[in-house]
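First up is the structure itself, then whatever we jot down about it.
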There are 2 protein chains.
Amino acid sequence: MPVTIYDIAKTASVGVGTVSRVLNNHPNVSPKTRERVLKVAHELNYQPHAFAQGLARKKTNTIAAIIPFFTNYFFLEVLQGIQDKILTLGYDIMLYGLNENDPEQFESYLLRATQKGRADGVMLFSLRLPEFFAQKYKHINQPMILVDCAHQDFDSITVDNRAGAYAATKHFIDLGHEKIGMINANPISPPAQQRFEGYKAALTENGLSFNQNFYKSSKIMKYDGFSREAGYVSMMEVLDLPKDERPTAIFVSSDVQAMGVLSAMRDHNLQAPDDIAIVGFDDIELAQHIGLTTVSQPMYEMGVLSVGRMLDRLANRNGAVTHTSFTPKLIIRETCGQLKTKLAAVDE
Amino acid sequence: MPVTIYDIAKTASVGVGTVSRVLNNHPNVSPKTRERVLKVAHELNYQPHAFAQGLARKKTNTIAAIIPFFTNYFFLEVLQGIQDKILTLGYDIMLYGLNENDPEQFESYLLRATQKGRADGVMLFSLRLPEFFAQKYKHINQPMILVDCAHQDFDSITVDNRAGAYAATKHFIDLGHEKIGMINANPISPPAQQRFEGYKAALTENGLSFNQNFYKSSKIMKYDGFSREAGYVSMMEVLDLPKDERPTAIFVSSDVQAMGVLSAMRDHNLQAPDDIAIVGFDDIELAQHIGLTTVSQPMYEMGVLSVGRMLDRLANRNGAVTHTSFTPKLIIRETCGQLKTKLAAVDE
DNA sequence: ACAAATAGTGGAAGCACTTCCAAATAAATA
DNA sequence: TATTTATTTGGAAGTGCTTCCACTATTTGT
């Protein structure tokens, strides 16, 4: 039933080699034969068998993507970038979506994605690569590129969390704030650490000192503390402080957390930016709906770029490992407020 | 370099047939041989070649999913359901994500997903299947199952839009509203039509008449009018009406649109539910953050079920076509307000 | 017109597996 | 113990394609 190149060969009275050559645009086949074969192929409604091609070519034309489906939808836009780029290049995407932060499931996906003959390469998103796996994997001749996470032995594309956090904090300083706090996710997460560093650097490099009372990090493990609940809890702690000991502005390490922060404020009948100014991080879709000032990452571009890296790597397996970092940019909306002086003028 | 079953066969001094039998848990292989082969396979760190298996078995163990990435993130949760279910079954997912509503891209994905030897079946999400393709496809012996869309010739899993809209509208009626409006997406979209029908039915079956002035449908083509902008524009029209001619409650055909509706209200210094009560449809993540009453679809379950259908179909290609419909349920939050009488008592 | 180079072609071998068939071995029956 | 039956086993054939090698047909040069 399914038509193969043998059927074409027979019908067009040529050899299978010739058919293959025509189909793959190899030179060295006369125009008349080429045309005849093409005609027959079309008439028979021929479709190449993907797996057979893959087997013979030792190439799957597929790349695997392991993506955390939970938290912040960061991946979604990156995925869109990848999608657009990759399909124009004739590759397909094999999707492995983690629904929760389960190391076992992660590993099983990793194993599966890296199975021989399944995909030409794998892309890993926002997931910490277990060291033992990295070691094991290095010897396999299959490229892996890391997006929003890093490992010295593999190509990576990341966002400069430190710079983003710095920009957010600096913005508060420029607005005239002096009591600037931060609500962080769980510090075991590298991005959380980096964002904290940026925050601290902005403070100290601009003549403000780091005040432990204004800094809350989460101990919640789920989603590494990048959750609405974590933000809520931390903000509640902040609001336990007497009114005049509270920070006047808070940089929150993610937009989802900022959602929780905002809820906590509402529960205390407080408003951003009037009572406390807020800046988030990520620029999830929600952010624009609620007017959250936040730090935006060029997600789509990261996706596109990561595909480029993958192809480079596929073409040249032994090139030097590269690490690319994008600088995120501050998107100013309502929750950060305006210049303090201006505000004061209006208020009083 | 890569180890094949021949390597195992040689090392274990058995034939390749035996190796294959062991690896596939066929009976008729003595315990000792089985053990020996297994041991060697493990020592050599053997991994079966996915494509070679696929070719020989005439089965890819992959299913393709064509999904619109744009609008309402409905698909995301469905995808999670699919993901969880499918991987436990040993299948992989090939992802084809449409970034925009581009028929050409859609068709190219469709072609690709249905390519011979690429996937065992394809799942189509929220996408209208072109009739010519349906006809063409029917003859291919590859299952296709439709999620959130339908076609008589293929299995489908949908949501009962009519029932959902009915429930939303009925809720307003129960709350005592009499001037109940609807802001709809573009009526060319089947779900939009169905939701409109449900709205209308609820009205007429409960002694209220349909008032053309309270109904606004969108002419916007982008996303079939399921967008924030569309909602905003329609609501602005509504708000052009003199205050006492406006509806007191509005059912909006999607949550994204409801976002726009709410913005429009804010721009007029109006609040839900105090000034106008609002109910949406979809229950996107946003909805709970902003307290939007809405109609929720069992998305995860739909994903899980769709995988089940796919496997059934894979096992029995000639069974009767099935159409499953889920009844969505009303999630009551803040934007719909409370009983009119109660409200009045508080207000005055 | 003839040799030498080139273009075009058929088909075998290989890709890494599964599966079937026949042969060999072991177990069970008489 | 001889014979039948059941269990194991090796390996060839097949899956649909690419690629290489040898061979033929066509040009080109002289």
Side-chain angles (χ1 to χ4, degrees), chain A residues 1-38 40-41 44-62 90 114-120 140-142, chain B residues 1-38 40-41 44-62 90 114-120 140-142:
Chain A
M1 169 116 264
V3 17
T4 73
I5 55 168
Y6 285 88
D7 300 319
I8 300 181
K10 197 173 298 170
T11 317
S13 330
V14 295
V16 303
T18 304
V19 175
S20 176
R21 254 163 264 146
V22 170
L23 263 20
N24 291 293
N25 283 316
H26 276 290
N28 288 357
V29 37
S30 74
K32 332 102 207 253
T33 346
R34 157 157 284 132
E35 203 185 345
R36 185 152 42 97
V37 170
L38 249 20
V40 172
L44 296 185
N45 211 291
Y46 170 77
Q47 271 204 309
H49 187 115
F51 273 28
Q53 281 186 322
L55 185 57
R57 290 184 183 150
K58 296 167 169 301
K59 187 160 187 329
T60 64
N61 267 289
T62 296
T114 59
Q115 195 204 337
K116 200 186 356 150
R118 174 90 53 194
D120 294 335
I140 304 182
N141 194 23
Q142 190 192 32
Chain B
M1 167 117 263
V3 15
T4 72
I5 54 169
Y6 285 88
D7 300 320
I8 300 182
K10 196 173 297 169
T11 318
S13 328
V14 295
V16 302
T18 305
V19 175
S20 177
R21 254 163 265 146
V22 170
L23 264 18
N24 291 293
N25 283 315
H26 277 290
N28 289 356
V29 38
S30 74
K32 333 105 207 245
T33 348
R34 157 156 285 132
E35 202 184 347
R36 185 152 41 94
V37 170
L38 249 20
V40 172
L44 296 185
N45 211 290
Y46 170 77
Q47 272 205 309
H49 187 115
F51 272 30
Q53 280 186 323
L55 185 56
R57 289 184 182 151
K58 294 168 170 305
K59 189 161 184 331
T60 63
N61 267 290
T62 296
T114 59
Q115 197 205 335
K116 203 188 348 154
R118 173 92 50 193
D120 295 336
I140 305 183
N141 195 24
Q142 190 191 32

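In the text below, chain A, chain B and the rest are named by the order of the sequence lines, each starting its count at 1.
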I'd like to check the side-chain hydrogen bond (donor to acceptor under 3.5 Å, both in side chains) partners of [X]; sequence neighbours left out, ordered by chain and number.
X	result
T11(A)	none
E35(B)	none
S13(B)	none
T114(B)	none

* side-chain hydrogen bond (donor to acceptor under 3.5 Å, both in side chains) contacts in which one or both residues fall within residues 44-56 of chain B, not counting sequence neighbours ->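 Non-adjacent pairs meeting side-chain hydrogen bond (donor to acceptor under 3.5 Å, both in side chains): zero.
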* Pairwise 5' ranking along DNA chain D for P27(B) and K58(B), keeping only the more 5' one ->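 Residue closer to the 5' terminus by nearest nucleotide: P27(B).
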* If each of Y6(B) and T4(A) is mapped to the nucleotide of DNA chain D with the nearest heavy atom, which maps nearer the 5' terminus, i.e. the 5' end? ->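 Result of the comparison: Y6(B).
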* For the side chain of R21(A) and the backbone of V29(A), is there at least one donor-acceptor N/O pair under 3.5 Å apart? ->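 Side chain of R21(A) to backbone of V29(A), a donor-acceptor pair under 3.5 Å: no, none is there.
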* Asked: Do the side chain of T62(A) and the main chain of T60(A) share a donor and acceptor less than 3.5 angstrom apart?
  ->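 Such a contact is found between T62(A) side chain and T60(A) backbone.
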* **Side-chain heavy atoms of V22(B) within contact of L38(B), under 4.5 Å** =>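 Yes, their side chains come closer than 4.5 Å.
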* **Terminal axes of the helix from dA1(C)-dT30(D) to dA30(C)-dT1(D) (five pairs each): angle between them, nearest 10 degrees** =>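 The end-segment axes of the helix from dA1(C)-dT30(D) to dA30(C)-dT1(D) are tilted 40° relative to each other.
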* Asked: Which residue pairs pass the salt bridge (Lys or Arg N to Asp or Glu O under 4.0 Å) test when at least one of the two sits in residues 49-60 of chain B, sequence neighbours left out?
  ->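 Every pair satisfying salt bridge (Lys or Arg N to Asp or Glu O under 4.0 Å) with a residue in residues 49-60 of chain B: K59(B)-D120(B).
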* Would you mind reading off the distance between K32(B) atom NZ and dT9(D) atom P, rounded to a whole angstrom? =>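 Going from K32(B) (NZ) to dT9(D) (P), I get 8 Å.
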* Asked: Which residues pass the side-chain contact (heavy atoms from CB on, under 4.5 Å) test with T4(A), sequence neighbours left out?
  ->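 Applying side-chain contact (heavy atoms from CB on, under 4.5 Å) to T4(A) gives Y6(A), D7(A).
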* To do: Go through residues 44-57 of chain A and report each residue with a non-hydrogen atom lying under 4.0 Å from DNA chain C, sorted by number.
  =>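 The answer is L55(A), A56(A).
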* **For DNA chain C, the residues among residues 17-26 of chain A that have a non-hydrogen atom under 4.0 Å from it** =>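 Here the set is G17(A), T18(A), R21(A).
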Listed pairs, N/O of protein and of nucleotides 5-7 of chain D, under 3.5 Å:
none

* Asked: For DNA chain C, which nucleotides open and close the run of contacts to chain B, 5' to 3', at under 4.0 angstrom from a non-hydrogen atom?
  ->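 The contacted stretch runs from dA16(C) to dC20(C).
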* Asked: Side-chain N or O of S30(B) less than 4.0 angstrom from OP1 or OP2 on dT9(D)?
  ->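 For dT9(D), OP1 or OP2 has a side-chain N or O of S30(B) closer than 4.0 Å.
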* **Criterion side chain to side chain contact (heavy atoms under 4.5 Å, CB included) against V40(B), the qualifying member of V14(B), I8(B), V19(B)** =>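 Among V14(B), I8(B), V19(B), the one that satisfies the side chain to side chain contact (heavy atoms under 4.5 Å, CB included) with V40(B) is I8(B).
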